[in-house]
Amino acid sequence: MPLALLALAIGAFGIGTTEFVIMGLLPEVASDFGVSIPTAGLLVTGYALGVVIGAPLMTVLGTKVPRKRMLMLLMGLFIAGNLLSAVAPVFAVMLIGRVVASLAHGAFFGIGSVVAAELVAPSKKAGAIAMMFTGLTVANVIGVPLGTLVGQHVGWRVTFAVVAALGVVGLAGIAKLVPELPKPAGVHLRHELAAFKNAQVLLAMAMTVLGFGGVFAAITYIAPMMTHVAGFADGSVTWLLVLFGLGMVGGNLVGGRFADRALMPMLYVSLGALAVVLALFTLTAHNKIAAAVTVALIGALGFATVPPLQKRVLDQAHGAPTLASAVNIGAFNLGNALSAWLGGIVIAAGHGYTSPNWVGAALAAAALVLAFLSAALERRDTSPAAVTADGAPARQHEPAHH
């Protein structure tokens, strides 16, 4: 694997740390600014929505800029947002800092996925994408727990200052290690937008929203769930996040390996198992050992879906993958925003801290239904009836309008 992937992984590590560390620090940030936990949860929702908006926006702005320079500009934006969060005098300013940092996220992973895939042989594309995402998953084993520990003992502002420093390291790595890749000839915004007419691209993105949303419904409220329901001490949240991160690393690597071999079966297994485990979490959350095992499983099953879903989008949007790739990263975060919000609603409605797990199970099950639908459509489109005598597809099926 080329060294340039390491530079992308370092950038991904910084981005992953800032995205997830807020969950371990929600109680501290809430009490510091004098807001409730569901209000502090807006720092998760706001970041996620910033990714959703920033992913296509930054990618469109970046169509005129060489990919390496665009990746460097995005890291600069990420550094600025985290510095703003670190010095925020009031909650609203912190929320703005989170949104500024989030604008870099989707385009970084979207453009980074395309760059990673271009650096290796075609048979290793999902593996290369998984390698970059390893930075994001390792952030959950090292960056998030350390950031949570620092935040609880020295203050959450220090955590965000350290994350900004990580961004500087990532920026330097990209400047030094990522090669100047030529802009693909003849790819215009019109081509990039055409990918969204493909029903399979849209289905893959919907699976991303729902499947990963399932993970976030549970994990956004992990701190109150584990301390109030399972009976863990506040300090244990750090180690539970390590378990979640270890699960993510394993799931991501397994997902990358099998996505290059059997993409749809990998999705069926991971999404189906995720729905079951999330439903069980409402029960296992009452027992410390069972809760810890479940947290690791949610990380593993959730992230096993990432390389196959990202590769599915790249495959289906062939010829103009950059915007579709970035929008799919936005789709992960749309799922995060939606599920963090829905989880907050069921808690605020008085259903208890384990109730977001039911929301998550329902979302993952819905993603599984879409995976079966996507495969059925694909079989129909490649069946002999859909192919003309000369072997060309008779026509592209447009998604049905209801």
Side-chain angles (χ1 to χ4, degrees), residues 10-48 50-51 75-105 135-136 138-171 216 219-228 230 232-245 295 336 340 344 347 353:
I10 291 168
F13 179 84
I15 290 174
T17 302
T18 205
E19 179 180 17
F20 293 104
V21 76
I22 190 69
M23 288 153 207
L25 297 175
L26 273 188
E28 283 74 17
V29 174
S31 70
D32 225 15
F33 286 124
V35 298
S36 70
I37 290 271
T39 302
L42 289 174
L43 294 171
V44 178
T45 307
Y47 184 95
V51 179
M75 284 317 288
L77 199 58
F78 168 81
I79 294 161
N82 281 293
L83 284 175
L84 187 58
S85 292
V87 300
V90 291
F91 182 75
V93 176
M94 175 153 193
L95 190 54
I96 292 166
R98 294 286 292 162
V99 172
V100 169
S102 73
L103 291 174
H105 181 126
L136 181 65
V138 171
N140 284 277
V141 182
I142 300 169
V144 173
L146 277 180
T148 305
L149 210 59
V150 167
Q152 286 171 344
H153 290 89
V154 191
W156 58 266
R157 292 178 188 278
V158 179
T159 299
F160 284 98
V162 171
V163 170
L166 270 176
V168 175
V169 176
L171 178 61
F216 254 65
I219 295 302
T220 300
Y221 300 98
I222 185 96
M225 202 189 311
M226 293 296 95
T227 51
H228 290 80
F232 282 103
D234 286 357
S236 305
V237 173
T238 302
W239 300 112
L240 289 162
L241 288 171
V242 171
L243 283 175
F244 176 65
V295 166
N336 299 355
I347 291 173
Y353 283 121

Distance, nearest 0.5 Å, that separates CG of Asn82 from CG of Leu77: 10.0 Å
Centroid-centroid under 6.0 Å between Phe20 and Tyr47 rings: no
Shortest non-hydrogen separation from Ser102 to Gly50 and the atoms involved: OG-CA, 3.1 Å
Approximate separation, where rounding is to 0.5 Å, of Leu84 CG and Ile79 CD1: 14.0 Å
Inter-residue atom distance Leu43.CG - Ile22.CD1, 0.5 Å rounding: 4.5 Å
Ile10: which of Val169, Val138, Leu171 passes side chain to side chain contact (heavy atoms under 4.5 Å, CB included): Val169
Test log, rule side chain to side chain contact (heavy atoms under 4.5 Å, CB included), inputs Thr39 and Phe91: CA-CA 10 Å; Thr39 302; Phe91 182 75; 4.2 Å; yes
Minimum-distance pair of heavy atoms, taken over all atoms of Ser85 and Gly97: OG-C, 3.5 Å
Heavy-atom side-chain contact between Leu240 and Met225 under 4.5 Å: no
Leu42 backbone acceptor or donor facing Thr45 side chain under 3.5 Å: no
Closest non-hydrogen atom pair between Leu26 and Gly41, with its separation: CD2-N, 4.0 Å
Full working for side chain to side chain contact (heavy atoms under 4.5 Å, CB included) between Glu19 and Asn336: CA-CA 10 Å; Glu19 179 180 17; Asn336 299 355; 3.1 Å; yes
Contact summary for Val90 and Phe33, nearest pair of heavy atoms: C-CE2, 3.4 Å
Check: Ala88 main-chain N/O paired with Arg157 side-chain donor or acceptor under 3.5 Å: yes
For Ala340 against Val44, the heavy-atom pair lying closest together: CB-CG1, 4.1 Å
Thr18 OG1 to Phe160 CZ distance, which is reported to the nearest 0.5 Å: 5.0 Å
Atom of Ala40, atom of Ala30 and distance for their closest heavy-atom approach: CB-CB, 3.9 Å
Gap separating the CD1 atom of Ile142 from the OG1 atom of Thr17, nearest 0.5 angstrom: 9.0 Å
Euclidean distance, Met23 CE relative to Phe244 CZ, rounded to 0.5 Å: 7.5 Å
Any donor-acceptor N/O pair, Thr159 side chain to Gly151 backbone, under 3.5 Å: yes
